[in-house]
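Quick notes on the structure that follows.
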Amino acid sequence: MDSTVGVLVRYGYLVVFGSVLAEQIGIPIPAIPFLLAAGGLAGSGKLSLALVLVLSGIASLMADMAWYVVGRLGGARVLGWLCRISLEPDSCVRRTETIFSKHGPSSLVVAKFIPGFSTVAPPLAGITRMPFREFLVASGLGGVLWAGAFVAVGWVFSQQLELAAEYALRFGRWSLAGLAAAIAGYIAWKYVGRQRFLRQIRIARISPEELKRRLDEGVDMLVVDVRDRLDFEAEPSIIPGALHLTLEELEDRHHEIPREREIVLYCT
């Protein structure tokens, strides 16, 4: 235990900086355990609390700035790519765009606390052309608040964290195996649920090629573009003759959709 604490004390600042940077970039390395440990060590006087917070904030902001530039250069397809590699790709785009549309720059302050939104929010800010200075303030504040919250928990419960570390070392590989099994079980549960959902809606899907063929044949059908406002502004092109109608506008504009025709919906 003493040797483990010695390693954390010696390399603690580097570990905190690297883990926060990696997590915010998108590498699956959780930073929260390291922030909690750093807070515990700061509570016992082995690390500087101020330096831990500064390094965490700088690492978080560096990752966010990189994603902001990627979003600004890559456009809406960057958001689609990020959501495709998430555990819930079907709702990822809609959920993140809805949050960002409603709250704007202030959503960056709390983005780190929302799973899935923390990585997607910075490129979304770049896609929407948020002023860079405004982005820096909101993202920097959000990063410091996020890191500070977990460091503070570690600070308050520094003695309990030391006991937890002792038990983890005592059980050794079994504790790591249990954690890995829990993560694998969660991923498997999400994957099975997604496949079940896709099987349920597969019968209602139509390919772009099939839609074009039927439109060319003059089939009486209405195409409704339900892309979010942010997507539409980023790529304003639309299928000829389609009706653009966001899901938020459906209640007020549903009368524009005729009930006697076949209806095809498409989004991002």
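Count residues from 1 along the sequence. We use all heavy atoms of the structure for the numbers below, so side chains are in, but hydrogens, waters and symmetry mates are not.
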Subject >> Exercise: identify the closest heavy-atom pair between P258 and L222 >> reply: CD-CD2, 3.4 Å
Original post:
Distance from L141 atom CG to L108 atom CG, nearest 0.5 Å?
Top reply: 10.0 Å
**OP:** With sequence neighbours excluded, give me every ring pair (Phe, Tyr, Trp, His ring centres under 6.0 Å) pair touching residues 118-143.
**Re:** Y68-F132, Y68-F135
Original post:
If Ile, Leu, Val, Met, Phe, Trp and Tyr residues are connected whenever their side-chain heavy atoms lie under 4.5 Å apart, and connections chain through other members, are V144 and F150 in the same group?
Top reply: no
Original post:
Do you know the tightest heavy-atom contact between W67 and P122?
Top reply: CB-CB, 3.7 Å
Original post:
Atom CG of L243 and atom CG of D225: how far apart are they, to the nearest 0.5 Å?
Top reply: 8.5 Å
Original post:
Under 4.5 Å between any side-chain heavy atoms of L49 and W155, yes or no?
Top reply: yes
Subject >> Contact check, side chains of V20 and S60, non-hydrogen atoms, under 4.5 Å >> reply: yes
Subject >> Spacing of L265 atom CG and I206 atom CD1 [to the nearest 0.5 Å] >> reply: 11.5 Å
**OP:** Report yes or no: do V137 and M62 belong to one cluster of Ile/Leu/Val/Met/Phe/Trp/Tyr joined by side chain heavy-atom distances under 4.5 Å?
**Re:** no
Subject >> Any V151 side-chain heavy atom under 4.5 Å of V16 side chain >> reply: no
For residues 21-41, please give each side-chain donor-acceptor pair under 3.5 Å, one per line with the distance, not counting sequence neighbours.
| from | atom 1 | to | atom 2 | distance (Å) |
| --- | --- | --- | --- | --- |
| E23 | OE1 | A31 | N | 2.5 |
| Q24 | OE1 | K112 | NZ | 2.9 |

Original post:
Is the closest side-chain heavy-atom distance between L215 and M221 below 4.5 Å?
Top reply: yes
Subject >> Note: R214-E217 ion pair, threshold 4.0 Å (strictly below) >> reply: no
**OP:** Find the distance between CE (M130) and OG (S139) and round it off to the nearest 0.5 Å.
**Re:** 9.5 Å
**OP:** Apply the test side chain to side chain contact (heavy atoms under 4.5 Å, CB included) to residues L136 and M65: give CA-CA distance (whole Å), side-chain angles for both, the deciding distance (0.1 Å), then the verdict.
**Re:** CA-CA 8 Å; L136 284 180; M65 289 171 59; 3.8 Å; yes
Original post:
In terms of hydrophobic clusters joined by side-chain contacts under 4.5 Å, are L53 and F113 together?
Top reply: yes
Original post:
If you look only at pairs with a residue in residues 120-133, which of them pass as a salt bridge (charged side-chain N to carboxylate O under 4.0 Å, His left out), with sequence neighbours excluded?
Top reply: none
Original post:
If you measure from CG on L55 to OH on Y13, what distance do you get to the nearest 0.5 Å?
Top reply: 8.0 Å
Original post:
So, do I238 and H244 sit near enough that their side-chain heavy atoms are less than 4.5 Å apart?
Top reply: yes
Original post:
Which heavy-atom pair separates A147 from S56 by the least distance, and what is that distance?
Top reply: CB-CB, 3.5 Å
**OP:** Considering only NZ, NE, NH1 and NH2 on the basic side and carboxylate oxygens on the acidic side, decide whether K212 and E209 come within less than 4.0 Å.
**Re:** no
